[in-house]
Number of protein chains: 2
Amino acid sequence: MAEKITIYDISNKLNISAATVSRALNNNPKISLKTKELVLKTAAEMNYKQNRLAQALKSGKTNNVGVIVPYINRSFFSSVIRGIEEELSPHGYHVIICQTHEDVHNEIEQINTLLNTQIDGIFMSVAKTTQDTKHIEKVVKENTPLIFFDRKKNIDGISSVVIDDFKGGYLATEHLIKQGCKKIAHFSGDLNLEIYRNRHEGYLAAMKDYDVTAIPKFSMQVNSKIESGSTAINDLWNLSEQPDAIFSASDYAALGAIQELKRKGIKVPEEVGVVGFSNEPFTKYMELPITSVDQTPVEMGRNAAKVFLEQIEGSKTLSIEKKVVLTPKLNIRESSNRELIKKLLVSKE
Amino acid sequence: MAEKITIYDISNKLNISAATVSRALNNNPKISLKTKELVLKTAAEMNYKQNRLAQALKSGKTNNVGVIVPYINRSFFSSVIRGIEEELSPHGYHVIICQTHEDVHNEIEQINTLLNTQIDGIFMSVAKTTQDTKHIEKVVKENTPLIFFDRKKNIDGISSVVIDDFKGGYLATEHLIKQGCKKIAHFSGDLNLEIYRNRHEGYLAAMKDYDVTAIPKFSMQVNSKIESGSTAINDLWNLSEQPDAIFSASDYAALGAIQELKRKGIKVPEEVGVVGFSNEPFTKYMELPITSVDQTPVEMGRNAAKVFLEQIEGSKTLSIEKKVVLTPKLNIRESSNRELIKKLLVSKE
DNA sequence: TTGTAGGCGTTATCAG
DNA sequence: CTGATAACGCCTACAA
């Protein structure tokens, strides 16, 4: 049962032409109100459903967009996708997701199959291993709108939505300085990635602006892993002098640092303040909640979607490259909040 | 530039028919190796891309599936989606995501637009507010494969993949009993939902099997929120007697419980053991890591995908309803592990 | 206002 | 083995 019914089925039943049915269904002005209502009524009765596929083939527009991310179940990425979906869904778009597993080869593959499916646009955060960008440039050449979010490459004509990582690094460091920290260490990620370079530079700039000496040995490259954070602390504590604060470009490394400091009997934040980056869900649930820079992922997704919509509304030929930079938000929690701790201690006495 | 090129462009250039080109491209046996290779070569040169849309219109198969979840950025759901994507992607399917925001109206809307787009199948976890299931039955009537995961409704002919919530509840409770707990409380979720009823029954069954008295007042309905967990603890501590363990059907409520117990100066797990449910990422990062029942979401997604594949391979008419029940996994951590704590204490002395 | 006809890109059928 | 043709379901000039 439930044969697919088409506009022809309706037109036969009503003894009118399929064209008329089509017009009635599409609010075409060139049609009498009477026939229109009749068509609409019988369409509903016959349980007619528009075949968006045929429509898409005709119009060259599928109303589908693709989103390419490393892993869909990372909190950050799934939140961006949520933002994209929520912004685009009211406009009739569907979101197709693809994972690269941080592998360029998958990235290339995904882009190709997405183009085959005739999506109307692509949103992507490039894989860590992506160096060559021919596959990405190809998308632009085919006139398919492409929008980078978070992890981007600098390619002419491609819009992007990112957060101001420099500012994020600056805010985090400034906050630690204002808490009275004088010797602030920085755990950076892979400095080949722009985002980590920017966070690092934000850190250095804040140190400079507030006349705090940035000790070179205190800038360490640390993976985004709990163990790496612990190891880094041990490395630091093998030096001749130790920091009184850590600004980590990763929440996981920040967590590892806190765990290791605790093992060493060092008090956080009294002796060492810690700030992380990304505002991973776990940071706020900890017994000692971790201060972290929020990348506002849902907002990022929404903005990327808006850029896309503007891009397809605008004239096709004139595709303006738009660079949106969102301001990160510092969520101050106990791991860095000396004032709060002091108050708590006083109130307990 | 980059005009869309079709098989006709290739056929013109080669002075052969489009049909032959099509055959060459599709590994059709009825074609000479020579022409086939020629076509393949020039197709590559001309940068030809198959239009999957036209193919889909012709074949009635889009190679797209839809996944409907309450929120895509919940750890559990995004992990299920990951599993679905990873299992289906090698088979050439794309995954379209939809969110219901726990609202039936959105659910109905999403199902309709998905059907319009001619997807090949739907995966879904129903919204909490869903009572009436006409919109879901409609999908089956249209012969579109539908597979429930986690939150299902009992509808004839619909396959589902869930975890054995009863067993999850049983395992958690059994574990607490084996840790020496005698008065175990249970925080259940909304008992209108099957999953929570099953967890509750698992709890009761374990208590019975081990001859531990289940005190009715210790079975409480608690929301999946941190504050609700805290409140529940306060309620319990206003009773004439208190539990020595909590099995919470929610990790968030478990966390709230632990926080409140700590505020009261009650030691976890020495005085009160706590077990949660879902294995949310944060549970293992806590200073006191929380024991929790893992729902193996990625596996759930993979299995749902497999059921789908079987269903479309099999004859269309004979759609067998398949019920897959996965075994949950108890991750024992410090919040319930008295043995571990004892050892740690001894080693410290 | 309505009908006719052609085409979107592909594939399947039927001749040749 | 290859070519012509129709068809998938819809939309849109153009004609009536």
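All values derive from a computational prediction rather than experimental measurement. In what follows, every chain begins at residue 1, and chains take the letters A, B, ... in the order their sequences are listed.
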How about Lys152(A) and Ile147(A): do any of their side-chain heavy atoms sit closer than 4.5 Å?
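Not touching, per the 4.5 Å side-chain cut-off.
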
Under a plain distance cut-off of 3.5 Å, with no hydrogens placed, do Glu137(A) and Thr133(A) share a side-chain donor-acceptor pair?
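On atom types as modelled, these side chains qualify, holding a pair under 3.5 Å.
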
Taking atom types as modelled and ignoring hydrogens, do the side chains of Asn63(A) and Lys61(A) form a donor-acceptor contact shorter than 3.5 angstrom?
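There is such a pair (donor and acceptor under 3.5 Å, judged by atom type) between the side chains of Asn63(A) and Lys61(A).
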
Just by modelled atom types, is the Pro145(B) backbone N or O under 3.5 Å from a matching donor or acceptor in the Gln311(B) side chain?
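Not confirmed, Gln311(B) side chain does not pair with Pro145(B) backbone.
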
List for me each residue that meets side-chain hydrogen bond (donor to acceptor under 3.5 Å, both in side chains) alongside Thr113(B), sequence neighbours excluded, and say none if there are none.
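Expected list: His94(A).
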
Tell me every residue that passes side-chain hydrogen bond (donor to acceptor under 3.5 Å, both in side chains) with Arg74(A), counting only those two or more places apart in sequence or in another chain.
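By the side-chain hydrogen bond (donor to acceptor under 3.5 Å, both in side chains) rule, Arg74(A) matches no residue at all.
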
Quick check on contacts: within residues 35-45 of chain B, what sits under 4.0 Å from DNA chain C by heavy-atom distance?
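None, since no heavy atom is under 4.0 Å.
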
Ile10(B) CD1 - dG3(D) C1' separation (whole Å)
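Atom-to-atom, Ile10(B) to dG3(D), this comes out as 17 Å.
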
Quick one: Leu115(A) CG to dG9(C) C1', roughly how many Å, whole number?
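These atoms are roughly 17 Å apart.
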
Which ring pair (Phe, Tyr, Trp, His ring centres under 6.0 Å) pairs, counting each pair once, include a residue from residues 100-145 of chain A, with sequence neighbours left out?
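Every pair satisfying ring pair (Phe, Tyr, Trp, His ring centres under 6.0 Å) with a residue in residues 100-145 of chain A: Tyr71(A)-His101(A), Phe123(A)-Phe308(A).
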
Please list all pairs passing the ring pair (Phe, Tyr, Trp, His ring centres under 6.0 Å) test where one or both residues lie in residues 13-37 of chain A, with sequence neighbours left out.
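Non-adjacent pairs meeting ring pair (Phe, Tyr, Trp, His ring centres under 6.0 Å): zero.
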
Taking only the side-chain nitrogens and oxygens of Thr20(A), find out if one of them lies under 4.0 Å from OP1 or OP2 of dG3(C).
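Indeed, a polar side-chain atom of Thr20(A) lies that close.
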
Quick one: what's the B/S/- string for nucleotides 8-16 of chain D, heavy-atom cutoff under 4.0 Å, read 5' to 3'?
BBBBBB---

